[in-house]
Structure formats: C-alpha cells, structure tokens
Amino acid sequence: MLLIDLARTSAAVTASSARLAKTAHLAELLGRVEPEEAEIAIAYLSGELPQRNVGVGWTSLQDPPEPRLAATATLRGVHDLLDRIKALAGPGSQAARRALVSELFGALTRQEQVFLSRLLRGELRQGALEGVMIEAVAKAAGVPAAEVRRALTLRGWLPAVGAAALGGGVEALRAFHLEVGHPVSPMLAQSAASITAAFDKLGGPVAVEWKLDGVRVQAHRSGDRVTVFTRALEDITTQVPELVEAMSTLPSRDLVLDGEVIALRADGRPEPFQVTSGRVSSRTDVPRAREKTPLSVFFFDALRVDGADLLDLPGEARHAALAAAVPPELVTPRLVTGDVADGEAFFKDVIRSGHEGVVVKSLLTPYAAGRRGAGWIKVKPRHTLDLVVLAAEWGSGRREGRLSNLHLGARDPLTGGFVMLGKTFKGLTDELLAWQTERFLGIAEGPTDGWTVTVRPETVVEIAFDGVQQSSRYPGGMALRFARVIRYRTDKTADQADTVDMVRSLML
DNA sequence: TTCCGACAGTGGGGTCGCAAT
DNA sequence: ATTGCGACCCCACTATCGGAA
C-alpha cells in the first residue's frame, strides 16, 4: 500500500465531522490493506508509530525539501526508513538524521509530506485517534468493538490487536491473554470536585485510597524475572531497583501488580513531584540516585496472583488478593465506607499528611483500560488566586485566530510590578476565547513577536491550580502546577490582585 | 427528546540523556 | 560547561458525537 492512500484517507477523515463517517473511511482503508502492512496502517491512522518514537520532532521538520509530483512511497518503505533514522546514534548522528529525514521527505508529494509531518509531530488533528480506530477495526474485521477493547486492554497496543482482528477475527482476539512480562493498558480515573460528588457518582459503599503524587507503575514477576512499566507502558525496570527487590521478596512468584512509586522524606512526608520524577528518570547512575533519593512503592491493585487472572473480578476481590499477596506496608492506605463524612475525614487526613488527594473506588468494577466504567474517581484540593494577565499567545488548530494561552502574573508590592508565574490555556470556553481576543488586542502594548501579544497589566483573572512548585524558568523562582481559568474578575482592578508573597507562602 | 460517557484537541511545567556548540 | 532537542513524567478542561435513558 502507498502512503498516499493513508494521506487521502486521513484527509477524508479530517473533512467529515461525524464520527461514524470517520469510522467508515478508516474501515474502508483497512479493508484493502495487505496483512503485512496492517499494523503500520493502523498505527499511522491512529497517530502512532510502530517504533513509538524515532527522534524526529518539531524542529527537525521545519524546512521540508521540494515535494515530488508523483506518489510512489510505500508504507513499508517509509517504515523501514524510520527504522534507520531511529537507529542512529553517536557523534555525527544529528547530521545523518537530518540527511535521512530530507531523503524521506524528498520522496513524498505535498499531501504525503503534510500527513507524515503531522504524524511525526504527534499532531494528526484528524479528529480520530485510538478511540475511533477501535470502532474502525471492529467494522472492518466484522467483530464487536467490545472484543477489540478487551484485547487492547490485555495487549496494550492497538496496531497489533487490530492486525490480529483483521487477520483472524474474534478467534484471534480471544487468543490475547494477560502475559506476565507484557504490560496491560492501565485503568485510569475520572475526577470530581469533592468527596460528596465522588460518592454520589458511585453510590453505595466505596474504597477511599491515598492518591500519591508519584509515578504510576505496573510491576510484573515471573519466577526470578521482574519487569516494571510506566503508565505509557515504558519499561523502567532498571531505574527502580527498590521495586524490583520488593517484588522479588514476595512469596508469590507469579504476579502483576498496579501501584505508585514515590520519594518520601525521612519523616514520611512526600518529596515534591519533581524529585520523584527526576529519580525515576535517572538512568546513568542508578545506585547513586538511589542512595540520594530512595523510592517507596505502594500497590493498590492486583491483576494476577499465582496464575489467576483477576482483571474481570470486582475491585474488592482484586484488593483482597492484593492484601493476601503483599505485606500491609506495601499496600496503599485506604478506607472502605459508605459514609460521606468518614470519607471527608479521611481526605482531610491525607492532605494533612502532605499527600495529593484520594481516589474513590467502586468495590464492584472490573479492571478496564482507559476511562470506561468510571469506577475510579480522584479528588484533590484546589487552590485559587486572582492574577493579572501580562500577555496572551495566539492559539493553533481550532483556536487559530484566537488569543489563547495566557501569561499570568502576581502583584509585587515592592516594585509595583508583576511577577510571571506561568501560563494557562485551560478552562476557556469559545465565548471566553472570543471575548479575551477582542479585549487583549484592545489593550495590547509593548513587544509583540507575532506569537505573543503583550498587554497592559490590567485584567484580573481567577486561576485554579494544584500547587506551587520550584521553577528555574520564571523570575520569581516558582510556577503554578496545572493552572486553569475559573473566570475573569471584571469587578477587580490589577492593584487588587494577589501578591507574590501569598504565592510564596503556598510553596513552603 | 434529553442526558451523559467517551474522545480528541489544546496546550502547561519539570526532568533526563544525548549530541552539538 | 552549556544549550537545544526529543521523549516522557505529571496533567485540566471544553466541544462534540452518538448511544443510553
């Protein structure tokens, strides 16, 4: 199959807004792809690469060579060239990579260049990724979508699952099983604003668990072999020896557990996320990193214990298996209750002990990848500040032509100026985007680089955020974590905005 | 007919490793 | 030694479609 076939299908998918029509376009293409190229086609049309990454990003794709007029590139040919690009390493590799990227793009038509460039940047923008592709695979293979989803949970990689479905139908999908050493798609949580809201969504007794601000881990053990994966299913086994040792000392030799690793201080309180993240990312001198920043692990779910697959069991049954397989100090603290007041009290305790929040879990739902089922709901406290907009950046995609990303500043009583604390584009409705575009163009003042519009600092906006973190990027040495817009405070002037001292007191 | 679950899109800050400067 | 890039960790929120109620 030719790359142009995919580029054309992608264009058709982009052009139709209805998801059923997108599905139909994708399924039509899957109906005529050769089995050997099915995996590549499914990956590309759901915004993925079979290589996962190839070391080519936004900057490397700035100046593509002149396009060809005739489309001749095959899927296999493009795939193989990307393999070669990924394999490059060592001195001179960046020049070699540039040369190969140039060779690759020089053999493509304009339409193919656009498609591949978007794919490599991770911005397909066709309104269809994995979720729509699941439906398309089901349609093309003539199998129920639920079978595809089930296999995807177990295999964690849709291109492989899709190719199997196209080749062997339901039978091939049913052949996917939990395999120790091969990661499963992790179950994710929705969020709620309060404990009450979370209880209301689930109904009946629930489990309320600590939510630790660390890194999600899925730990596998088969005999003496332990493997650890992140939420995105990256293998980080060599970076977390503490977890490998913990798994190795457990009595069960056949295990798949779900949990979180986190760096704790000597007094048991959590280090900032930055510390845990840095530790988990360290690969060059793990023993030294470990000595300086030891990791603790807390498990909260069991997917397999002693040869028994538990994914389809209710949450409580899985937790019982976990509690039987793991010593209590390795189990995430939790409370099972039907009483909202008990849940609230537990939540307050967790926050007091310095942790991020809680996850409220149904006792009944099976382990399912993605957000389906809504069996897990996270609740975190929320801070707010009234800050001043210092500048705004032009948006892209569906926000093209609108001022979108806001630069936020706190008042500095000493200088009478403002100290930038970060940016946000979140929480804005279409109506608000239109309003702020007009407003900020009206008060634009100072340097403008075609990307950022500096404005007179006189617009106050209420911002919600999760916390204040240390920053080397901003002049105040701090930045807001997960900042989002609540509303504009048109009733306030800039001299009524919150101060840097208030922000500093939150960092502690 | 209305409601709501699932998705895709739009980007945020921080860290590490690597190659180039 | 420093800088730039890519990849990945954490992520919130709105608009939209289409099936569920």
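Note on naming: letters A, B, ... go to the chains in the order of the sequence lines (proteins, then strands), and numbering restarts at 1 for each one.
- Between A/F300 and A/W376, the ring-plane angle classifies as perpendicular under the 30° and 60° cut-offs.
- The residue among A/G422 and A/R98 whose nearest nucleotide of DNA chain B lies closer to the 5′ end is A/G422.
- The distance between atom CZ of A/F465 and atom P of C/dA12, rounded to the nearest whole Å, is 15 Å.
- Across all strands shown, A/K211 has heavy atoms under 4.0 Å from sugar-phosphate atoms exclusively, and none from any base.
- Look at CZ on A/R121: it is 18 Å from P on C/dC8, rounded to the nearest Å.
- Among the heavy atoms of the strands lying under 4.0 Å from A/A18 are primed sugar atoms or P, OP1, OP2 only; no base atom is included.
- Backbone-only contact: A/S404 has heavy atoms under 4.0 Å from sugar-phosphate atoms and none from a base.
- Among the atoms of the strands shown, none is found under 4.0 Å from any heavy atom of A/V280.
- No engagement by A/E123 is indicated, since no non-hydrogen atom pair under 4.0 Å with the nucleic acid exists.
- Across all strands shown, A/R52 has no heavy atoms under 4.0 Å from either base or sugar-phosphate atoms.
- Salt bridge absent: A/K378 and A/E356 never bring a charged side-chain N and a carboxylate O closer than 4.0 Å.
- In the set B/dG9, C/dC9, B/dC16, B/dC16 carries the atom at the smallest distance from any side-chain atom of A/S282.
- Among the protein residues, A/A89 comes within range of the sugar-phosphate backbone only, with heavy atoms under 4.0 Å from sugar or phosphate atoms but none that close to a base.
- Distance from the side chain of A/L129 is smallest for B/dG9 among the nucleotides B/dA6, B/dG9, C/dC9.
- Atom-to-atom, CG of A/D430 to P of C/dT16 comes out at 6 Å; the value is rounded to the nearest Å.
- Rounded to an integer number of Å, the gap from A/Q94 CD to C/dT3 C1' is 11 Å.
- Comparing A/V132 and A/Y474 along DNA chain B, the residue whose closest nucleotide (by nearest heavy atom) sits nearer the 5' end is A/V132.
- The phosphate of B/dC16 has neither OP1 nor OP2 within less than 4.0 Å of any side-chain N or O from A/S277.
- By the salt bridge (Lys or Arg N to Asp or Glu O under 4.0 Å) test, A/K22 pairs with no residue at all, sequence neighbours left out.
- The side chain of A/R481 lies closest to C/dC10, out of C/dC9, B/dG11, C/dC10.
- The nucleotide whose nearest atom lies closest to any side-chain atom of A/R216 is, among B/dG14, B/dA6, C/dC10, C/dC10.
- A/T424 comes within 4.0 angstrom of no nucleic acid atom, judged by non-hydrogen atoms across all strands.
- Between A/T276 and C/dC9 there is no side-chain polar atom (N or O) within less than 4.0 angstrom of OP1 or OP2.
- When Watson-Crick and G-U wobble pairs are counted only if both distances are under 3.5 Å, B/dG17 pairs with C/dC5.
- Ranking B/dG13, C/dC13, B/dC16 by closeness to the A/R484 side chain, first place goes to C/dC13.
- Here the side chain of A/K423 is nearest to one of C/dG18, C/dA15, B/dG12, namely B/dG12.
- Rounded to whole Å, the distance from CG on A/N53 to P on B/dC18 is 14 Å.
- Between A/H383 and A/F465, the angle of the ring planes stays under 30°, which puts this pair in the parallel group of the 30/60° scheme.
- Rounding to whole angstrom units, NZ of residue A/K139 and P of C/dG18 are separated by 12 Å.
- Annotation: the span from A/L408 atom CG to A/T424 atom OG1 amounts to 6.5 Å, rounded to 0.5 Å.
- In summary, A/R265 and A/E271 do not engage in a salt bridge, as defined by a charged side-chain N under 4.0 Å from a carboxylate O.
- Checking A/R121 against A/S117 by side-chain atom types alone, a donor-acceptor pair falls below 3.5 Å.
- Rounded to an integer number of Å, the gap from NE2 of A/H355 to P of C/dC10 is 17 Å.
- At least one side-chain nitrogen or oxygen of A/R473 sits closer than 4.0 Å to the OP1 or OP2 atom of B/dG13.
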Problem set entry | Evaluation steps, side-chain hydrogen bond (donor to acceptor under 3.5 Å, both in side chains), between A/S102 and A/R98 | CA-CA 6 Å; A/S102 193; A/R98 265 199 304 278; over 6 Å; no

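- The residue A/K380 sits close only to the backbone: its heavy atoms come under 4.0 Å of sugar-phosphate atoms, none of a base.
- Here A/T230 reaches the OP1 or OP2 of C/dC9: one of its side-chain N or O atoms lies under 4.0 Å away.
- In this model, the phosphate group of C/dA12 is approached by a side-chain N or O of A/K378 to a distance below 4.0 Å at OP1 or OP2.
- Taking atom CG of residue A/D466 and atom P of nucleotide C/dC11, one finds them 9 Å apart after rounding to whole Å.
- Distances from the side chain of A/S471 to the nucleotides C/dC11, B/dG13, B/dT10 place B/dG13 closest.
- When the side-chain nitrogen and oxygen atoms of A/R398 are compared with OP1 and OP2 of B/dA8, none of them lie within a distance under 4.0 Å.
- Note on A/V275: nothing from the nucleic acid sits closer than 4.0 angstrom, heavy atoms only.
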